Asks: 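Quick one: the structure is below, and I'll ask about it shortly.
Note that this is a predicted model, so its numbers are computed, not measured.
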Amino acid sequence: LSTIGKDAEENLIQQYIPTAEIRTLTLPDGTQVQLNSQSTLLYPQEFTGDSRSVFLLGEANFKVKPDKKRPFIVKSNDLQITALGTEFNVSAYPESQEIATTLISGSIRVDYNNLTTSVILHPNEQFAYNRNNKKYDLSNPDMDDVTAWQRGELVLQKMTLTDIINVLERKYPYAFVYSIKNLKNDRFSFRFKDNAPLEEVMEIIVNVVGQMDYRIVEDKCYLTRI
């Protein structure tokens, strides 16, 4: 908790978003935060000192209240993102080897590599950092894809089946039961709109992947090779 900085630790608020839910909250400074499922945000009851720091595990969209005297800082395990009045998305789930932040408007500074290196992002740029090999990539993604989760849409871009299952387990209240050795290492892309039910999602996935079947029993989804 000391990562938050000088704000009194006993006054920290922990906001956790359960599986299959998305919530919006307003921070003490007026910043709007939309949190994706299975995300945790730590923030103080009141911002004191010369900066506004929060800690994120998971994914969130921040619409930062401008305050030139007190920069807004989002911290995760491997990145620190500093903003001065801007909107940006951060995806930093602990089970994912890649952390990404995407700037929607304004400007942000991303500190990485144990906060020894930094880069300034421009609107529509995404900074993706691989926490395993410490390499990063700058790109210009489709912004509709980046913000799809906020509208209840599901966009899976060039992902392995293991990564896809991780996303589905956050979005849907089901546990997936499968054998790793039965999953292909190929990468797939899918797009689903309007909070599609899991049955519809799985029908399309198994048809595209091939040699795979699924069945949903109570709160579990079983994947098998055929």
Side-chain angles (χ1 to χ4, degrees), residues 14-24 33-42 55-61 76-79 89-102 126 128-133 135 137 141-142 144-226:
Q14 177 171 311
Q15 184 72 50
Y16 174 73
I17 309 305
T19 300
E21 292 190 27
I22 296 172
R23 290 183 194 165
T24 300
V33 184
Q34 189 170 5
L35 281 163
N36 206 347
S37 58
Q38 289 190 17
S39 298
T40 299
L41 185 72
L42 282 168
F55 187 82
L56 173 70
L57 284 175
E59 184 168 23
N61 180 273
S76 69
N77 284 333
D78 295 87
L79 291 188
N89 194 87
V90 181
S91 182
Y93 282 106
E95 67 271 18
S96 176
Q97 68 177 15
E98 187 175 270
I99 308 172
T101 181
T102 311
Q126 181 178 86
Y129 181 78
N130 188 306
R131 47 170 42 129
N132 289 345
N133 61 24
K135 293 182 178 179
D137 182 58
D142 185 321
D144 279 344
D145 289 353
V146 173
T147 59
W149 66 270
Q150 300 170 55
R151 301 183 297 274
E153 299 174 16
L154 180 61
V155 176
L156 307 164
Q157 288 283 28
K158 298 177 182 174
M159 298 174 73
T160 65
L161 283 173
T162 303
D163 291 336
I164 288 172
I165 289 169
N166 283 336
V167 173
L168 295 179
E169 286 191 317
R170 291 195 291 265
K171 185 170 177 62
Y172 297 96
Y174 294 87
F176 281 68
V177 181
Y178 59 96
S179 170
I180 287 284
K181 68 177 188 293
N182 286 340
L183 298 184
K184 294 181 178 179
N185 288 322
D186 301 357
R187 292 183 177 269
F188 302 91
S189 295
F190 298 95
R191 181 185 296 269
F192 303 96
K193 292 201 171 186
D194 302 325
N195 292 307
L198 183 59
E199 291 85 350
E200 178 183 322
V201 170
M202 292 308 302
E203 281 290 338
I204 292 173
I205 288 177
V206 297
N207 280 326
V208 170
V209 172
Q211 297 179 307
M212 174 176 280
D213 201 3
Y214 82 97
R215 58 191 176 91
I216 296 173
V217 181
E218 295 180 345
D219 62 349
K220 292 184 174 61
C221 180
Y222 296 86
L223 294 179
T224 52
R225 288 288 293 270
I226 57 173

Asks: Looking at residues at least two apart in the chain, or sitting in another chain, which of them share a salt bridge (Lys or Arg N to Asp or Glu O under 4.0 Å) with E98?
Replies: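 Here no residue qualifies.
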Asks: Can you name the residues that form a salt bridge (Lys or Arg N to Asp or Glu O under 4.0 Å) with R23, not counting sequence neighbours?
Replies: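 Salt bridge (Lys or Arg N to Asp or Glu O under 4.0 Å) list for R23, sorted by chain: E21.
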Asks: State which residues pass side chain to side chain donor-acceptor pair (under 3.5 Å) with Q34; sequence neighbours excluded, sorted by chain then number.
Replies: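 With neighbours one apart ignored, the set is empty.
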Asks: For Y172, what residues pass the ring pair (Phe, Tyr, Trp, His ring centres under 6.0 Å) criterion, not counting sequence neighbours?
Replies: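 For Y172 there are no ring pair (Phe, Tyr, Trp, His ring centres under 6.0 Å) partners, ignoring immediate neighbours.
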Asks: For A92, give me all partners under side-chain contact (heavy atoms from CB on, under 4.5 Å), at least two apart in sequence or on another chain.
Replies: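 For A92, the residues satisfying side-chain contact (heavy atoms from CB on, under 4.5 Å) (neighbours in sequence not counted) are S76, V90, I99.
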Asks: If you look only at pairs with a residue in residues 146-172, which of them pass as a salt bridge (Lys or Arg N to Asp or Glu O under 4.0 Å), with sequence neighbours excluded?
Replies: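 Non-adjacent pairs meeting salt bridge (Lys or Arg N to Asp or Glu O under 4.0 Å): E95-R170, R151-E153.
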Asks: Using residues 216-226 as the side-chain source, report each donor-acceptor pair under 3.5 Å to any protein atom, sequence neighbours left out, with the distance given to one decimal.
Replies:
residue	atom	partner	partner atom	Å
R225	NH1	N182	O	3.3

Asks: Using the salt bridge (Lys or Arg N to Asp or Glu O under 4.0 Å) criterion, which residues pair with D78? Sequence neighbours excluded.
Replies: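 Salt bridge (Lys or Arg N to Asp or Glu O under 4.0 Å) list for D78, sorted by chain: R131.
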Asks: My understanding is that only residues two or more places apart in sequence, or in another chain, count here; which of them pass side-chain contact (heavy atoms from CB on, under 4.5 Å) with N133?
Replies: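 For N133 the side-chain contact (heavy atoms from CB on, under 4.5 Å) partners, ignoring immediate neighbours, are N130, K135.
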Asks: Of all residues at least two apart in sequence or in a different chain, which pass the salt bridge (Lys or Arg N to Asp or Glu O under 4.0 Å) check with D145?
Replies: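 D145 satisfies salt bridge (Lys or Arg N to Asp or Glu O under 4.0 Å) with R191 only.
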Asks: In a table with atom names and distances, give each donor-acceptor pair under 3.5 Å that connects a side chain of residues 202-211 to protein atoms at least two apart or in another chain.
Replies:
residue	atom	partner	partner atom	Å
E203	OE2	Y214	OH	3.1
N207	ND2	E203	O	2.9

Asks: Which residues satisfy the side chain to side chain donor-acceptor pair (under 3.5 Å) test with Q97, sequence neighbours excluded?
Replies: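 Checked Q97 against side chain to side chain donor-acceptor pair (under 3.5 Å); matches are N132.
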